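Working notes, beginning with the structure itself.
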Amino acid sequence: MGLQDQVSAERIHIGFFGIRNAGKSSVVNAVTGQKLALVSDIKGTTTDPVKKAMELLPLGPVVIIDTPGIDDEGKLGKMRVKRALQMLNQTDIAVLVVDGKIGMQKADRKLVSLFETKEIPYLIVYNKSDLCDALPAAGENEIYVSAVNGENIHELKEMIARFAVKEEHARYLVADLLSEGDTVVLVVPIDSAAPKGRLILPQQQTIREILDAGASAVITREKEFSRTLASLGRSPRLVITDSQVFVQVERETPDEILLTSFSILFARYKGNLKEAVRGAAILDRLQDGDTVLISEGCTHHRQCDDIGTVKMPKWVRAYTGKKIHFAFTSGGEFPEELSEYALVIHCGGCMLGEKEMRYRVHRSIDSGLPITNYGIAIAQMHGILQRAIAPFIRE
């Protein structure tokens, strides 16, 4: 990722949905000005969701999602429909493309119901206006367009932009904890898993917020942490550490200095910090034979000391003293059936959008399954959780 790029997880995700042959892909191509999606008169041409990070004027950085027809048939068709519906969990704004010649169908109305249930703002786009004899008056969130001749495509983009502005809300990793002139020390281990020549996304985003707040970021490895603290002219406002060296950093940080981890910052940024803290308490109640789901949002290459598949299971077994089983998911995978698990331990979700991360949290809660976060679980197991969440107690 370049210095000027915005990570896909932080972009507004715009999903295009509808029945087969309504012209979803044609509308996507017209809106984006690119041949992003394959277009054909044959029903079911779009067989898998297509995602593309791009600039969409006048909105800016977005992710466009083109989905298979919601009315697809047969065994494979049902699988495609399932994948299309899964995209709702990543969608910030939904665009329902309706065949203007035939109007709203049962499948279209089902989608509208799902949008409203999931509280996704949506537009209804009646395509093929060039083939209609007369156009009824459009509602507040409706528009008639023609992907063929470009009629009202510009107006559609303007409408999407207006909806996006309505959905924007202030979210902070750390800026709301700081005042201008503060100093923050970031502890960043450099090991075999660290990418060469760059910092990982949570570190990049945190540094940027610190700078935006008018504060200063001091970055150090855990090996030089004590020396770095001693070299500062005054105590930092906050120390933020990678969870893997939480214990050492906590031991070397004076009590009067606030301390937390990158993972915990992300728990409040796009998850649910209070639920994650409650979930961590379940570690004390796990029993022999329980299964813990460890879920990561990215699909990085596994190292021999990988935190998710190696370190976390080792720490949980050592902390509980129980014979715990583990299951693992990564990337876009998250189980539909959660009844077999006693606890979910999730990564910070830096590669997942807020919508997807909150969906996973709510899915777990609705299933009666506790869910926590890497950093919070590690702090719980090492007896430093209360100190680690102290910066957020006012919340």
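Residues take their numbers from the sequence shown, with the count starting at 1. Since this is a predicted model, take the numbers as computed values, not measurements.
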For [Y], is there any backbone N or O sitting under 3.5 Å from a side-chain donor or acceptor partner on [X]?
{"X": "N152", "Y": "Y144", "result": "yes"}
{"X": "D108", "Y": "Q105", "result": "yes"}
{"X": "R363", "Y": "R358", "result": "no"}
{"X": "D92", "Y": "H13", "result": "yes"}
{"X": "R387", "Y": "E250", "result": "yes"}
{"X": "K118", "Y": "L88", "result": "no"}
{"X": "D288", "Y": "K323", "result": "yes"}
{"X": "E222", "Y": "V245", "result": "no"}
{"X": "R221", "Y": "V187", "result": "no"}

Quick check for you: to the nearest 0.5 Å, what is the distance between [X] atom [atom1] and [Y] atom [atom2]?
{"X": "S295", "Y": "Y374", "atom1": "OG", "atom2": "OH", "value": "7.5 Å"}
{"X": "E275", "Y": "N373", "atom1": "CD", "atom2": "CG", "value": "13.0 Å"}
{"X": "I160", "Y": "F16", "atom1": "CD1", "atom2": "CZ", "value": "4.5 Å"}

query: What are the two closest non-hydrogen atoms of L238 and L259, and how far apart are they?
result: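 Smallest interatomic distance, heavy atoms only, reads CD1-N, 4.0 Å.
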field: Nearest atoms (heavy-atom pairs only) where G23 meets N127
entry: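 Result for this residue pair: CA-ND2, 3.6 Å.
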- prompt: Salt bridge check: are R268 and D176 linked by an N-O gap of less than 4.0 Å?
  reply: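 Yes, charged N to carboxylate O under 4.0 Å.
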query: So does K128 pair up with D99, basic N to acidic O under 4.0 Å?
result: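 Looking at D99 together with K128, the answer is yes, because their closest N to O distance falls below 4.0 Å.
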Side-chain heavy-atom pair V95, V97 within 4.5 angstrom cut-off: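 V95 vs V97: side chains touch.
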- request: Decide yes or no on side chain to side chain donor-acceptor pair (under 3.5 Å) for S129 and E151, but give the supporting numbers first.
  value: CA-CA 8 Å; S129 61; E151 182 183 359; 3.1 Å; yes
task: Please work out whether the ring planes of Y122 and F115 are parallel, tilted or perpendicular, with thresholds of 30° and 60°.
output: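 Aromatic pair Y122/F115 classed tilted.
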Aromatic ring pairing Y269/F266, orientation class (parallel under 30°, perpendicular over 60°, tilted between):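 The rings of Y269 and F266 stand perpendicular, inter-plane angle above 60°.
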- prompt: V239 and T260: side chain to side chain contact (heavy atoms under 4.5 Å, CB included), yes or no, with the steps?
  reply: CA-CA 6 Å; V239 171; T260 193; over 6 Å; no
field: From CA spacing to verdict: salt bridge (charged side-chain N to carboxylate O under 4.0 Å, His left out), E356, R360
entry: CA-CA 6 Å; E356 172 72 9; R360 295 184 181 199; 2.8 Å; yes
